[in-house]
There are 2 protein chains.
Amino acid sequence: MKVLTKNSDYAIRALLALAAKKGSYLSAKSIATEHDIPYQFLRRLLQEMIRHDLIVSKEGAQGGFMMKKDPDAITVTQLIEIFQGKVQVSECMFRKQICGNRARCVLRHEIMRIEQVVQSEFEKVTIGKLLRDLESAGLKP
Amino acid sequence: MKVLTKNSDYAIRALLALAAKKGSYLSAKSIATEHDIPYQFLRRLLQEMIRHDLIVSKEGAQGGFMMKKDPDAITVTQLIEIFQGKVQVSECMFRKQICGNRARCVLRHEIMRIEQVVQSEFEKVTIGKLLRDLESAGLKP
DNA sequence: AAAACTGATACTATATTAGTATCAATTAAA
DNA sequence: TTTAATTGATACTAATATAGTATCAGTTTT
Ligand code: FES
Ligand code: FES
């Protein structure tokens with residue numbers, strides 16, 4: 001069971017790069033080479049992040065991408081939702097008979113409780129936090 | 001992002017059925033029809049659970065499957081590991097330069113911490129617990 | 001001997017994830 | 001003003017994981 005797919009993984013790395021160079025444009029190409037991310041793949045991810053208002057872009061030579069949203073306001077949960085869909089434990093785990101009785105279904109409760117825990121843990125991790133952690137460890141993203 | 005796939009979902013349901021009829025054999029066919037699980041699919045899952053010593057089987061007419069391991073000792077984590085592989089957050093999230101420095105990598109730390117939380121939450125949920133919860137809600141699995 | 005089962009394994013189908021390619025439009029700079 | 005560097009949009013392929021089906025041999029009860 002994989003929690004982060006390449007999508008999210010790459011997206012996080014790219015955002016860290018952008019957050020570190022806040023205020024200036026970074027080209028997809030430069031991010032791709034520096035971070036070993038497949039170029040065309042990365043470009044699609046960046047487009048997606050524009051659509052979600054996390055970053056902005058400038059076309060043409062010397063163009064590129066720049067942070068828009070506050071890095072502290074971007075959580076890993078959000079990125080997972082964008083690139084892997086909402087965290088869901090199971091579509092609906094038990095047979096019709098039981099599922100008719102959603103309110104009482106204790107299994108569903110258990111499952112939903114875990115879902116909550118997972119989400120809230122990931123919500124504690126923001127791009128801003130990751131960046132500061134990296135920096136305080138003496139590493140550039 | 002799906003946490004439980006059909007594999008684990010079906011396996012949990014089948015185990016609940018077996019745990020409820022502890023001590024007697026249930027055929028794959030009866031479990032399949034009662035719980036709307038594709039018959040051949042279920043049989044493969046049952047075989048896998050035998051290999052992991054969760055259940056035992058008896059061949060021939062009137063044969064079937066029976067609980068072996070204590071239901072309270074079977075956690076959802078175990079089932080996820082069997083059917084979806086070990087819970088892992090990301091193969092290795094950052095570029096070589098940083099990954100060389102595993103000990104210091106704060107991102108990895110964050111990620112591993114969450115991995116722990118997820119696992120421990122799922123470990124709280126056992127087949128035994130689910131069964132008792134179901135029963136106390138007045139439902140048979 | 002027949003019927004009801006499991007054991008083992010091979011096969012197909014569908015969905016998700018990962019990665020590549022192409023071309024048009026835009027902008028900066030030569 | 002042409003050229004090069006860049007994004008926007010989209011279509012395509014490949015690899016892997018998930019889901020489901022089929023088949024046949026062996027075992028046990030009736
Ligand atoms: S799983 Fe559908 S209601 Fe319990
Ligand atoms: S991700 Fe590989 S060490 Fe940090």
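Both backbone and side-chain heavy atoms feed into the values below; hydrogens, waters and symmetry mates do not. Protein chains get the first letters and strands the later ones, always in sequence-line order, with residue 1 at the start of each.
- OP1 and OP2 of D:dG20 both lie 4.0 Å or more from every side-chain N or O belonging to B:Tyr39.
- At the heavy-atom level, A:Tyr25 lies nowhere under 4.0 Å from the strands shown.
- Between A:Gly63 and A:Ser8, the residue anchored closer to the 5' end of DNA chain C is A:Ser8, taking for each the nucleotide with the nearest heavy atom.
- Look at CG on A:Leu42: it is 12 Å from C1' on D:dT7, rounded to the nearest Å.
- Between B:Ile55 atom CD1 and C:dT6 atom P there is a gap of 10 Å when expressed in whole angstrom units.
- Here B:Lys29 pairs with nothing under the salt bridge (charged side-chain N to carboxylate O under 4.0 Å, His left out) rule; sequence neighbours left out.
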request  = Could you encode protein contacts along nucleotides 8-18 of chain D as a string, one character per nucleotide from 5' to 3', using B for base contact, S for sugar-phosphate-only contact and - for no contact, with a heavy-atom cut-off of under 4.0 Å?
outcome  = BBBB-------

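- The salt bridge (charged side-chain N to carboxylate O under 4.0 Å, His left out) check on A:Lys129 picks up A:Asp133, B:Glu110, with sequence neighbours excluded.
- Axis angle between the ends of the helix from C:dA1-D:dT30 to C:dA30-D:dT1, five pairs each and rounded to 10 degrees, works out to 10°.
- Under the 4.5 Å side-chain heavy-atom criterion for Ile, Leu, Val, Met, Phe, Trp and Tyr, B:Leu42 and B:Met66 are members of distinct hydrophobic clusters.
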Return all side-chain donor-acceptor pairs below 3.5 angstrom for residues 50-58 of chain B, not counting sequence neighbours, or 'none' if the list is empty.
residue: B:Arg51; atom: NH1; partner: B:Glu48; partner atom: OE1; Å: 2.5
residue: B:His52; atom: ND1; partner: B:Glu48; partner atom: O; Å: 3.0
residue: B:Asp53; atom: OD1; partner: B:Lys68; partner atom: NZ; Å: 2.8

Under 3.5 Å donor-acceptor pairs involving side-chain atoms of residues 69-76 of chain B, not counting sequence neighbours:
residue: B:Lys69; atom: NZ; partner: B:Gln78; partner atom: OE1; Å: 3.3
residue: B:Asp70; atom: OD1; partner: B:Asp72; partner atom: N; Å: 3.0
residue: B:Asp72; atom: OD1; partner: B:Arg132; partner atom: NH1; Å: 3.0
residue: B:Asp72; atom: OD1; partner: B:Arg132; partner atom: NH2; Å: 3.0
residue: B:Asp72; atom: OD2; partner: B:Arg132; partner atom: NH1; Å: 3.4
residue: B:Thr75; atom: OG1; partner: B:Gln78; partner atom: N; Å: 3.1
residue: B:Thr75; atom: OG1; partner: B:Gln78; partner atom: NE2; Å: 3.4

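- Under the 4.5 angstrom side-chain criterion for Ile, Leu, Val, Met, Phe, Trp and Tyr, the cluster partners of A:Val117 are B:Val117.
- What separates CG of B:Leu45 from P of C:dA8 is a distance of 15 Å, to the nearest Å.
- Applying the ring pair (Phe, Tyr, Trp, His ring centres under 6.0 Å) definition to pairs two or more places apart or across chains, none involves residues 62-88 of chain A.
- Qualifying ring pair (Phe, Tyr, Trp, His ring centres under 6.0 Å) partners for B:Tyr25, counting only residues two or more places apart in sequence or in other chains: none.
- If you measure from atom CG of A:Leu79 to atom P of C:dT17, you get 15 Å, rounded to the nearest angstrom.
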